[in-house]
Amino acid sequence: MDRAAAEHRITELKAILWENNRRYYVDNAPVISDFEYDRLMRELEDLEKEFPEFQTADSPTRKVGSDLDAPVGENAEPDSGGNFVKRAHRYPMLSLGNTYSIAEIEEFSARADKSLDTAFTYCCELKFDGTAICLTYRDGKLYRALTRGDGVNGDDVTENVRHISNIPQILHGDFPPEFEIRGEILMPYDAFDKLNRFREDNDEAPFANPRNAASGSLKLVNPEEVGRRGLMCTLYHIPAQSIAFDTHDEALKAAQSWGLPISDERRICRDINEIKAYIDYWDKARKTLPFATDGIVIKINELSSQRALGYTSKSPRWAVAYKFKAEQALTPILGIDYQVGRTGAITPVANLAPVQLSGTVVKRATLVNEDQMRMLDIHIGDWVYVEKGGEISPKLTGVEPSKRSSGALPQPFPDVCPDCGTPLVRAEDEAKAFCPNQDGCPMQIKGRIIHFMSRRAMNILAGEATVEQLYSLDMVKTPADLYDLTKGRLMTLEGWKERSAERFLDSLQATKSVSFERVLYALGIRYVGEQTAREIARHFGDIDALAAASVEDLLQVRDVGEVIAQSVFNYLADARHSIEIQRLRAHGLKFSIEEQASPVSDKLAGKSIVISGNFSISRDDMKKIISDNGGRNSSSVSGSTSFLLAGSKPGPEKLRKCESLGIPVKSEEEFLQEFGIIIDAGISKDNEEQQLTLF
């Protein structure tokens, strides 16, 4: 390559890498695989080595990817990002050099042998696929938590971290007066699946993998919501400058004795053969773990040797990461569906020839939006590479050009809604195209009705098939139409029997006792989830005050930003929605916070109570008992928790946190006896019944 071509390619690679840095760290929506990103980074490193005159201080090869000042990206949530104080790291928080080659691990070992004149060992650890965190403890108490940021400054997420259940607020044992410890915030697979189901139910793009989900969740504005995301932490490094141990392994053992969450899966290795054996073992065994790992980290164990080897501008010389290659398969695209969500968002989904991947058969994979289709350069009839992000979500990572037919045309993205034919719109700051025909597009209408009926909204006993039937017969076009249905009319329909009609109508009747905050959530206003609906309802008190509110008034609500405020304002300013609300109101639904009924008692006044496990009644009913008796329900254990109310099978992390903080744990029986509370025999058991399809 000549000098001019090298300069052009270096400039091009920098732009590609910084763009994908932003998508990875800021938007939490990567569009290329880690392997492809690392390949491009290696190409840039090689070119800069060959043509050093073109290397600049701001090159991605010399700087850590940054998550600072994160705007709301494709996978970000409306109430996340850009709201955190920036603080300097005491010691730079660098990234690790990584490789997919065992030969390069051998080179790393050989360099260490040559540079060090004393005997040393290696500490091999799992490389956790989460988002980096740095914790500072003072006098045994959690003082500060910073994200990696740009390696020099990080976002202060201390209050959010306090709501992650396995991070102790107070340590025990012989800990230093002040020290830093670093690790990862992870989202286990179970929590990841639950979050993505919720996002899809609300027509939000699912997170690509648990790492992106963990990063997005850590940056939420509401710490209580962070606590509900099921995040966990694992810690793996104390900067050598701040401790007085001889080895890295000794430091981690001490940290574990202080109550900090340290992985037990590390191994001390004496040579490259033992390192290879450790890598081979975990390349298979990682698939049994409850959280994502993407490689192995090999560190020089002796801290004196770490100090001797030092750092580059971007990474330590005493550590390297070996990354596992994601399991990948090549398969043809059979076609692309364009799904219309209840908010009008258009999501392309590729239908694939079935292929076995990570133990499951993959038939479909989301393409997220038009931009990703263009970046992948999808053509009609293409063969594509599919892998499972974080071993969970199938995603397309590239096209195999050699299998493309001559004359194949690019896969077009529709200009009109695939359901109703309305021209699509896409705002400058939106990644998705939308159908604006929200009150005339069948898929949007049915989606909103399904959302209205869902368990966490109005909990009406019916499913998608019921909605499809009622909509196709012109019996239900809006949620309010549901309340005009009669038993006699339902009994004339195919598949309906007397018992199913009665159960359906009974569940409709029960919605008239549902609280205003859940009714507000059930309306399906874009960006308004359960927590936001709760905050808005409690702030304004009733629908009339809310409808009269300006955007500025809405911005005064906790956790409501510009995007949510404008969405709520636009929804309520639409006359069609006003008519719908009036119809629902006339049917008896609650559109105001009930005159705060006097508590049954003040037996629990001033007490903050966390519940965990299964009880003789539903968890919602147990929470209501606490509220009715003057107590406050909290979602996570903290220093202000009065006690944990534990049913059968309580969360082990909550129990461990109670133990570390000295928080009392009470059984249901102890709770009822101590406070003299009697459970109404009419309260239902918690059978966690799923939504029913009536035929």
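Residue-environment remark: CD (Glu400) exceeds the threshold of 12 foreign heavy atoms within 6.0 Å. When the shell of 6.0 Å around NZ of Lys363 is examined, it contains 12 or fewer heavy atoms from other residues, nucleotides or ligands. Within a 6.0 Å sphere centred on NZ of Lys477, heavy atoms belonging to other residues, nucleotides or ligands number more than 12.
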Set out, in order, the CA-CA distance, both residues' side-chain angles and the distance that settles ring-ring contact (aromatic ring centres under 6.0 Å, His included) for Tyr338 and Phe413, then state yes or no. CA-CA 9 Å; Tyr338 295 91; Phe413 194 89; 5.4 Å; yes
Take Val476 and Val467 through the side-chain contact (heavy atoms from CB on, under 4.5 Å) test and state the conclusion after the steps. CA-CA 8 Å; Val476 174; Val467 172; over 6 Å; no
Under the side-chain contact (heavy atoms from CB on, under 4.5 Å) rule, what do Val226 and Ser217 come out as? Steps first, then yes or no, please. CA-CA 6 Å; Val226 176; Ser217 297; 5.6 Å; no
Working note: Asp542 + Phe591, criterion side-chain contact (heavy atoms from CB on, under 4.5 Å); need CA distance, chi angles, decisive distance, verdict. CA-CA 6 Å; Asp542 61 45; Phe591 279 93; over 6 Å; no
Tell me, with the steps shown, if Leu546 and Leu520 meet side-chain contact (heavy atoms from CB on, under 4.5 Å). CA-CA 11 Å; Leu546 177 56; Leu520 187 60; 3.9 Å; yes
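Looking at Arg456, its side chain never comes within 3.5 Å of a backbone N or O of Glu530 through a donor-acceptor pair. Under a 3.5 Å cut-off, the side chain of Asn222 and the backbone N or O of Glu224 do form a donor-acceptor pair. Between the side chain of Gln469 and the main chain of Glu494, a donor-acceptor pair closer than 3.5 Å is present. A distance-only check finds a donor-acceptor pair linking the side chain of Arg518 to the backbone of Ala457 [under 3.5 Å]. A donor-acceptor pair is defined here as one N or O able to donate and one able to accept, closer than 3.5 Å; no such pair exists between the side chain of Thr331 and the backbone of Leu352.
Distance CE/Met475 to CG/Asp481: 10.0 Å, rounded to 0.5 Å. We find the CE-SG distance between Met443 and Cys417 to be 9.0 Å, quoted to the nearest 0.5 Å.
Between Arg585 and Asp544, at least one side-chain N (NZ, or NE/NH1/NH2) sits under 4.0 Å from a carboxylate O, which counts as a salt bridge. Checked for salt-bridge contact, Asp439 and Arg448 meet the test: a charged N lies under 4.0 Å from a carboxylate O. The pair Arg364-Asp337 meets the salt-bridge criterion, since a charged nitrogen lies less than 4.0 angstrom from a carboxylate oxygen. Between Lys446 and Glu464 there is no salt bridge, since none of the side-chain N atoms of the basic residue sits less than 4.0 Å from a carboxylate O of the acidic one.
Screening Thr347, Asn369, Thr343 for a side chain to side chain donor-acceptor pair (under 3.5 Å) with Lys432, the sole residue that qualifies is Thr347.
Between Leu186 and Ala214, the closest heavy-atom pair is C-CB, 4.1 Å.
Taking the six-membered ring for Trp and thresholds of 30 and 60 degrees, Tyr521 and Phe198 have nearly parallel ring planes, at less than 30 degrees apart.
Using modelled atom types and a 3.5 Å distance limit, the side chains of Ser215 and Asn212 yield no donor-acceptor pair.
Contact annotation: the side chain of His379 never approaches that of Val399 to less than 4.5 Å [non-hydrogen atoms, C-beta and beyond]. Side-chain atoms of Tyr527 and Thr532, non-hydrogen and from C-beta on, never get closer than 4.5 Å to each other.
With sequence neighbours left out, the salt bridge (Lys or Arg N to Asp or Glu O under 4.0 Å) criterion links Arg426 to Glu370, Asp371.
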Just distance, no hydrogens or angles: give the donor-acceptor pairs under 3.5 Å from side chains in residues 567-575, sequence neighbours left out.
from	atom 1	to	atom 2	distance (Å)
Ser567	OG	Arg526	O	2.7
Asn570	OD1	Gln566	NE2	3.0
Asn570	ND2	Gln566	O	3.3
Asp574	OD1	Arg576	N	2.9
Asp574	OD1	Arg576	NE	3.2
Asp574	OD2	Arg576	NH2	2.9

